[in-house]
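Report on the structure given below.
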Amino acid sequence: MLSLKDVWAHYGSVAAVKGISVEVAEAEIVTLIGSNGAGKTTTMRTICGLHKPTKGEILFEGKRINGLDPEKINALGIAMVPEGRHVFPQLTVMENLEMGAYLRKDAAGIRRDLEEMFTHFPILKERHKQLAGTMSGGQQQMVAMARALMSGPKVLLLDEPSLGLSPLMTQQIAKIIKKLNEIGRTIVLVEQNARLAFLLAKRAYVMEIGRISMSGLTVDLKDDPKVRETYLGV
Amino acid sequence: MDSATLLQTFANSIVAGSIYAVIAVGLAMAFGVMKMANFAHGEFFMVGAYTVYVCYGLMGWPFPVAVLMAIPVVALLGVATERFIFRPTRENVLAGFMATAGLALILQVLIGQIWGVGLMRSVPTPYMGALDLGGVRIGWQRVLVIPSAIAMLFALWYFLYHAKAGKALRACAQDPETARLQGININRMTMLAMAISGALAGLAGALMAPIHPVTPYMGHGIILTAFIVVVMGGMESIAGAILAAVLLGFIHTFVTTLSDAVTAQMVGVACMAVVLIVRPQGLLGRVKA
Ligand SMILES: Nc1ncnc2c1ncn2[C@@H]1O[C@H](COP(=O)(O)OP(=O)(O)OP(=O)(O)O)[C@@H](O)[C@H]1O
Ligand SMILES: [Mg+2]
């Protein structure tokens, strides 16, 4: 449903993503793991249009989307939860969710999705009037995820959802990601926490300094000696 | 100062504060969305006043219609400024500063060329008579400014906090990249911010036309005051701008009455300096994380 073909991305003259190819099928969780500065965030930003690729092609449902503005890409059905969450701090939780549904016109559908969000994230219902910036890191992650889901996306991009969260909160977020996938969401998950990523995803891509060094089923990769040593720490 | 003068000065302070608030709020909002200051904002105010001069003073339209005409005229000017100055210079703050400062001069010269320099354009008072407050008389024309300003500020507040586009405008000011990820078109939002900012400055100028000397340079004094208000209030804070505007309205009016306008301007700047020392983020400004 989403495929990257030999995608390159630069900052100035420095290449951060060097010709990667990634396939994402409908209703699966694919994870992209890699250490600091491997180019994961750049890849995600390139998919959602915040960063323009210098070479290569990004296809979504068979259409080229590289070069489109982020507004257009969101309208086509790709929603991103950025690294570091980026909730709108001075907007209430409810307003944050409304912004997620910014392009939608179907009031009934929006109301239904809002209810769905409140079942996934009950705390958000309780705190709907609170300014998002005053919430804890884990709660902000929930706001950011619910906001992205409010656009009714076909693909959800999650950039390091566990970043800076307590183990307990990470567990909770992981549970929700799993549940979202079980009800049919397509998810691209970027993680430094490979343990968590392998638990959730069926397939994985390993990224090293801008390139995909390995890819395959997580059940196979987790037994690979190099992956075990570098990313799983065993 | 006897009690009559005190009451008179108090009333004048509120009128001045109301106008400062309307002007400064527009400046703060545009700054919040674009992170760029519009140095031609004072000239937007001036063009608003000239709209009334032309429509009401010269063409004899009803005063309220002339005032409302300032909305499309100056909003359009704001939109054009966004499109042709701020958008091309978005990556370059200095260029944006130079270009709007240049626009201010162009507007002054242009208006001067068409309607003359030197001579003050006189706009006849549309509402004669005065409100009598126990011996103190305040012209209706001045009184009118207060509810009009409150109505404008209320309308702006309602828009920003209850309309979807208003919420999107706030989202853009807080995190433009993330706003784009939600499908919000930044260019359209900046244009909207400049249209509203222009409309507010234009309305302020339009209301002041009968009680303020109408000249091509009338924006000069007001822009300095507006910047003091915005800095004092906390750059992007609209509530802060309103609070600072009222404070400065009192400071300016009282010091002008007791001393003179130059001293008043100096005291205003000094107050801003004190606020910045005690609270660098401004009265209601937020510290950036
Ligand atoms: N705005 C930028 N300007 C210049 N270089 C950048 C910029 N952002 C990232 N880079 C560089 O691009 C490379 C890839 O960065 P990226 O943020 O994509 O990595 P990442 O895999 O997401 O890392 P992390 O796990 O730390 O989030 C790094 O070498 C980084 O220094
Ligand atoms: Mg990253």
Side-chain angles (χ1 to χ4, degrees), chain A residues 41 44-45 47-51 68-105 107 110 129 131-134 137 140 143-153 156-159, chain B residues 25 28-29 31-35 87 90-92 156-193 233-243 281-289:
Chain A
T41 296
M44 294 290 249
R45 290 172 60 87
I47 297 172
C48 69
L50 286 175
H51 198 92
L68 292 185
D69 285 332
E71 301 90 88
K72 294 270 160 48
I73 293 177
N74 176 280
L76 289 175
I78 298 180
M80 159 124 124
V81 179
E83 183 179 67
R85 306 178 268 278
H86 285 264
V87 296
F88 298 114
Q90 304 300 327
L91 258 53
T92 64
V93 169
M94 189 60 125
E95 287 171 334
N96 266 275
L97 301 190
E98 279 175 54
M99 289 302 105
Y102 185 76
L103 292 177
R104 291 175 64 178
K105 304 268 182 276
I110 293 176
K129 283 186 177 158
L131 292 183
T134 65
Q140 290 192 16
V143 173
M145 282 174 67
R147 179 181 62 190
L149 289 167
M150 281 305 290
S151 66
L156 182 67
L157 308 178
L158 296 171
D159 194 348
Chain B
V25 153
M29 197 187 58
F31 183 83
V33 175
M34 300 187 300
K35 313 295 175 228
R87 201 179 300 179
R90 202 175 279 172
E91 307 299 319
N92 188 339
L156 177 67
W157 169 82
Y158 190 87
F159 173 73
L160 289 175
Y161 286 85
H162 293 275
K164 189 167 147 192
K167 293 172 190 176
L169 211 54
R170 284 159 58 220
C172 272
Q174 291 167 28
D175 192 333
E177 235 181 31
T178 309
R180 298 190 73 185
L181 286 178
Q182 317 310 318
I184 299 169
N185 184 322
I186 294 279
N187 284 339
R188 226 176 280 161
M189 284 297 138
T190 343
M191 228 178 221
L192 179 64
M235 288 320 277
E236 298 177 29
S237 167
I238 288 184
I242 295 173
L243 175 65
Q281 72 273 36
L283 294 173
L284 300 182
R286 291 191 180 82
V287 185
K288 280 269 147 65

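Chain A is the first sequence line, chain B the second, and so forth, proteins listed ahead of strands; every chain is numbered from 1.
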Might you point out which heavy atoms bring [X] and [Y] nearest each other, and give the distance in Å?
X        : Y        : value
A:Tyr102 : B:Lys164 : O-NZ, 2.7 Å
A:Met99  : B:Gln182 : O-CB, 3.3 Å
B:Ala171 : A:Leu91  : CB-CD2, 4.0 Å

Can you tell me which portion of [X] sits under 4.5 Å from chain B's heavy atoms? Options are side chain, backbone, both or neither.
X       : value
A:Glu98 : side chain
A:Leu50 : side chain
A:Pro82 : side chain

Next on the checklist: Counting only non-hydrogen atoms closer than 4.5 Å, does B:Ala179 touch chain A with its backbone (N, CA, C, O), its side chain (CB onward), both, or neither?
Outcome noted: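 Both backbone and side chain.
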Item to check | Those residues that, when tested against A:His86, pass ring pair (Phe, Tyr, Trp, His ring centres under 6.0 Å) (two or more places apart) | outcome: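 In terms of ring pair (Phe, Tyr, Trp, His ring centres under 6.0 Å), with neighbours along the sequence ignored, A:His86 is linked to no residue.
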Item to check | Test item: A:Gln90 side-chain N/O and B:Gln174 main-chain N/O as donor-acceptor pair under 3.5 Å | outcome: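 No; zero donor-acceptor contacts below 3.5 Å.
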With a 3.5 Å cut-off and sequence neighbours excluded, list the donor-acceptor pairs that the side chains of residues 68-77 of chain A form with protein atoms.
from    : atom 1 : to       : atom 2 : distance (Å)
A:Glu71 : OE2    : B:Arg180 : NE     : 2.8
A:Glu71 : OE2    : B:Arg180 : NH2    : 3.1
A:Asn74 : ND2    : B:Leu181 : O      : 2.6

Next on the checklist: Contact between B:Glu177 and A:Arg45 at the side-chain level, heavy atoms closer than 4.5 Å - yes or no?
Outcome noted: yes
Checklist entry - Top residue by heavy-atom pair count (under 4.5 Å) with chain B, among A:Cys48, A:Ala101, A:Gly49, A:Pro89? => result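 Ranked by heavy-atom pairs under 4.5 Å with chain B, first place is A:Pro89.
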